[in-house]
Asker: 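Sharing a structure, written as structure tokens. Questions coming.
The first residue of the sequence shown is numbered 1, and numbering continues consecutively from there. For ligands, and for the atoms within them, numbers begin at 1 and follow the listed sequence. For clarity, every value in this text was computed on a predicted model and none was experimentally measured.
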Amino acid sequence: MTILDGKKVSNDIKNEIAEEVKKMKAKGEKVPHLAAIIVGNDGASLTYVASKVKACERVGFESTMVRMSNTTSEIELLDKIHELNTNPEIDGFIIQLPLPKQIDTQKVLMAVDPDKDVDGFHPMNFGKMALDMSTFIPATPFGILELLDRYNVETKGKHTVVIGRSHIVGRPMSILMGRKGFPGNSTVTVTHSHTKNITQITSQADIIISALGVPNFLKAEMVKDDAVIIDVGITRVADDTSPKGYIITGDVDFKNVSKKASFITPVPGGVGPMTIAMLLKNTLLARELRH
Ligand code: GUN
């Protein structure tokens with residue numbers, strides 16, 4: 001069994017990006033600048049955005065965090081997006097999800113300039129991705145592809161089962177794994193809340209990508225020997241023995257599933273750090289496209 005070490009690989013990627021930034025600086029070029037809008041006070045979202053800002057510092061990017069109150073109206077948020085769209089200093093930006101209920105997420109995502117949409121959530125970029133055109137690939141799926149690539153995990157002709165059909169992970173992942181090329185060329189099954197007999201499906205999978213958000217959902221008896229297991233779950237579970245009062249738990253019963261798997265991502269230290277590294281990579285790409 002091999003651990004797909006997202007912490008290590010994401011560090012390698014950040015070092016590679018830092019080298020690129022050094023070269024840009026040496027040539028007197030402006031370094032990439034990422035902005036993140038966060039609406040409200042959700043603890044997990046604030047932690048993620050803080051990690052993204054810290055990662056920018058680490059590689060030498062400039063970053064801007066825009067905090068807006070929980071009562072922000074859709075119009076106010078659209079105005080802020082317009083400001084970032086037209087600000088020549090900003091190469092790319094993201095709007096941390098989820099958004100408060102009074103805001104229509106799709107409307108907001110469609111307002112982002114596709115050339116600055118480093119999350120790859122704009123329908124134009126999502127469509128380009130589905131059509132194999134060069135574009136920003138959403139950071140979490142992009143991070144999973146990068147892990148499979150760097151560990152040379154065979155995907156051609158394999159049966160990949162994706163658990164979850166979210167716009168951020170499950171849906172794009174299912175498209176990407178079926179695309180031509182490597183990683184890709186898989187036969188993909190998408191499962192979701194209405195799927196019947198999920199164990200029957202997962203137990204036939206060569207590769208399982210779980211993006212459900214239910215702690216320890218995937219048990220050893222749902223997995224065949226030598227399967228590749230990618231765990232996208234990051235749920236905070238209350239734990240009095242931990243200093244923070246919670247622990248981060250994945251979708252996979254790691255202790256037992258890892259005994260059967262050929263490759264597996266841990267939580268934490270698997271897909272999570274890859275997401276941030278690939279957001280930086282998309283920001284670097286946005287910078288290059290603008291110049
Ligand atoms: N919320 C959970 N994952 C993500 C992500 O990748 N990007 C944004 N913007 N919000 C998220």
Asker: Do the side chains of Lys224 and Asp206 get close enough for a salt bridge, i.e. N-O under 4.0 angstrom?
Answerer: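 Result for this pair is yes, salt bridge flagged.
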
Asker: Out of Leu97, Asp42, Val49, Ile276, whose heavy atom is nearest to atom 10 (N) of ligand 1?
Answerer: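 Looking at heavy atoms only, the winner is Leu97.
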
Asker: In terms of residue, atom name and distance, what is the protein heavy atom nearest to atom 11 (C) of ligand 1?
Answerer: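 Sorting protein heavy atoms by distance from atom 11 (C) of ligand 1 puts Gln96 NE2, 3.3 Å first.
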
Asker: Testing Asn282, Asp117, Asp119 for side chain to side chain donor-acceptor pair (under 3.5 Å) with Asn125, which one passes?
Answerer: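 Option passing the side chain to side chain donor-acceptor pair (under 3.5 Å) with Asn125: Asp117.
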
Asker: Taking Glu16 first and then Lys22, would you say they form a salt bridge - that is, a charged N and a carboxylate O separated by under 4.0 Å?
Answerer: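 A salt bridge is absent here (no side-chain N lies under 4.0 Å from a carboxylate O).
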
Asker: Restricting to pairs with a member in residues 250-261, which pass salt bridge (charged side-chain N to carboxylate O under 4.0 Å, His left out), not counting sequence neighbours?
Answerer: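 Non-adjacent pairs meeting salt bridge (charged side-chain N to carboxylate O under 4.0 Å, His left out): zero.
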
Asker: Nearest non-hydrogen atom to atom 8 (C) of ligand 1 belongs to which of Leu99, Ile94, Asp119, Thr105?
Answerer: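 Looking at heavy atoms only, the winner is Asp119.
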
Asker: Between Glu146 and Arg150, does any NZ, NE, NH1 or NH2 come within less than 4.0 Å of an OD or OE carboxylate oxygen?
Answerer: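 The answer is yes: the pair qualifies as a salt bridge.
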
Asker: Please check whether Phe121 reaches ligand 1 - meaning an N/O of the residue sits under 3.5 Å from an N/O of the ligand, judged on distance alone.
Answerer: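 Among all N and O atoms of Phe121, none is under 3.5 Å from an N or O of ligand 1.
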
Asker: Between Ile95 and ligand 1, find which residue part has any heavy-atom pair under 4.0 Å and reply side chain, backbone, both or neither.
Answerer: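 Near ligand 1, Ile95 shows its backbone, while the atoms from C-beta on stay back.
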
Asker: Any heavy atom of Tyr48 sitting closer than 4.0 Å to ligand 1?
Answerer: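 No, Tyr48 has no heavy atoms under 4.0 Å from ligand 1.
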
